[in-house]
Amino acid sequence: MKRLLAIGAVALLLQATATAQLILGGELSNSAATSVEDIDEVMPRMARLGLNTVLVPAYWELTEPEEGVFDFTLIDRTIDRARENGLKVVFLWFGAWKNSMSCYAPAWFKQDTRRFPRAMTRQGKPLEIASAFSPSVLQADLKAFTALMEHLKEKDGDTGTVVMMQIENEVGMLESARDHAPLALRAWRNDGETADGDPYAEERFMARHYARYVEQLARAARSIMPAMPLFVNAALNSRGRKPGEYPSAGPLAHLYDIWHAEAPTIDMLCPDIYDTGFKQWAALYAMPRRPQDGDSAVRNRLFIPESRCCPASGARALYVVGEHQALGFSPFAIDQAPEQDTRPITQAYTLLRQIENYQTANGLSVTNKSANRKSVNRKSSWGLLFDQQDRERIIDDEGVLMTCRHYFTLPWDPRATDGSPWPEGGALLLRIGKHDYLLAGNAVVVDFKTRTEYQQQEQQKQLGEDGFAQGGATPPQPTAPQPSFRGKRLGLLAVDEVSIDPQGRIIPLRRHNGDQTHQGRHARIGADEWKILHIRLYEY
């Protein structure tokens, strides 16, 4: 069957599905949907947090407790409660592998190791990792997954509550870079591999076979529900680990070409980001178009199905949507998180909903970059994400130089200098017209200059808490005469704090001026604030 879309062209498919909506998501903890009572309790709570989509495990062991006997009670309850609470669902198939291990396989599968063999280390130690080389493992997993997809089509095919499907969860080898069981050794010889002992050659070998396995499930899903986007997620190769120390051969960025070639029916490779370097990890999975990719807007659309649920989550969600036009963001175990971690998510999602309202009303879809060809050829939104070490970014928007900084680079908040760790600040910056911007976020400050003004600007003076230059006992020293200023400057015509209604109309709330703009020098949103500013500029 000819493949319906190329990887990275998933935006074309999303036009026809409910995932044309930006996914303001949250992933439930692993055991949060193992009973109807759990589901009944958690769904309304997720709606109150401001989510529009919940990522929910679909457990093989509970779906097929006896071989060939399927029970979709939990699946149906999830869909029903999601509908009642105005939520969408992304199911996560915890099938043969979850975080590399086969812990969610049914008991009848686990106990029959002769029929369903395990991977082995080089020393012959069996692992609780089902072999990707076993036809019996594949057929059992495929049978259960196919039954799930057929049930979803019957239950939800005309309603669209379920908007995407994740196949397996963080596949990969642990303890060893590759499987050394008999079936795997035979495949290693048949593939003509010669770099025995090279962990990266072994990882590439495993990646081909994991991807081929996943492709079989993806083809089954596509044949049953052609419009259902499919993705896989990766546990990242962080902290200098080598293959086998992290889940080797999963859908990692450095293995993209292998997964692309061997699992072409998968629409997105997705990162689970828990480590430091959030911006760098996100960029690896927001892969730009290459000339050989044809007309697709991106090779791999960024979607983050798991990220550490923490006070920085709200800022990070704004960043990935603004910078990479991400399909969505989803903190992990949001159902177990304390209020100080979920509050920023709720606040950021409130702003993102309003930005999406504006973009939808004006034909600037957040989730479909190819809906507006100008948005592909000319960047119109940016993401800002700052902390104590990474505190400034300069953006050149065709001659408008925007110096964006963490709010604590200003002198007025005592937390900036009292030794307190700086909270992450983040925002989405959107151009809506010439000299016309929306800034949505928290703990950021932006000033605007023409390119010629920026090139001629005087050395930045240290400011005191009154906003004027820091004084001192040493009298100013004579300086060389400054050359005459050339060109024009940019000023703030108006800065309005606004809301955006469901029809996409900008509703002014209050005018920021005077002290709130440092007498027309910048636009800012404080560290404890979550706001949208409508910023209009003028030249003089």
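In this chain, residues are counted from 1 in sequence order. Just so you know, these numbers come straight off a predicted model, no measurement behind them. Any value given below was found using the heavy atoms of this structure, including those in side chains, with hydrogens, waters and symmetry copies removed.
The closest donor-acceptor contact from the side chain of Asp335 to the backbone of Ser29 lies under 3.5 Å. With hydrogens and angles disregarded, a donor-acceptor distance shorter than 3.5 Å links the side chain of Gln354 to the backbone of Ile500. Here the side chain of Asp396 pairs no donor or acceptor atom with the backbone of Leu401 at under 3.5 angstrom.
Side-chain contact annotation: Asn362 with Gln359, donor-acceptor N/O pair under 3.5 Å absent. A side-chain donor from one of Glu215 and Thr265 sits under 3.5 Å from a side-chain acceptor of the other. At a cut-off of 3.5 Å, with distance as the only test, a side-chain donor of Asn99 or Asn169 sits close to an acceptor on the other residue. Side-chain atoms of Glu392 and Thr403 include no donor-acceptor pair closer than 3.5 Å. Donor-acceptor pairing under 3.5 Å is recorded for the side chains of Tyr274 and Glu306. No side-chain donor from either of Asn52 and Tyr349 sits under 3.5 Å from a side-chain acceptor of the other.
Between Lys434 and Asp436 there is no salt bridge, since none of the side-chain N atoms of the basic residue sits less than 4.0 Å from a carboxylate O of the acidic one. A salt bridge between Glu323 and Arg393 is present, with a side-chain N of the basic residue lying under 4.0 Å from a carboxylate O of the acidic one. Using a 4.0 Å cut-off between charged nitrogen and carboxylate oxygen, Arg415 and Asp528 count as a salt-bridge pair. Using a 4.0 Å cut-off between a side-chain N of Lys or Arg and a carboxylate O of Asp or Glu, Arg308 and Asp275 do not qualify as a salt bridge. Between Lys98 and Glu170 there is no salt bridge, since none of the side-chain N atoms of the basic residue sits less than 4.0 Å from a carboxylate O of the acidic one.
Aromatic ring pairs are classed by plane angle as parallel below 30°, tilted from 30° to 60° and perpendicular above 60°; the pair Tyr213 and Trp97 is tilted. Relative ring orientation between His254 and Tyr246 is described as perpendicular, the plane-to-plane angle rising above 60° on a 0-90° scale split at 30° and 60°.
Judged by the 6.0 Å distance and 45° axis criteria, Arg391 is not positioned over the aromatic ring of Phe386.
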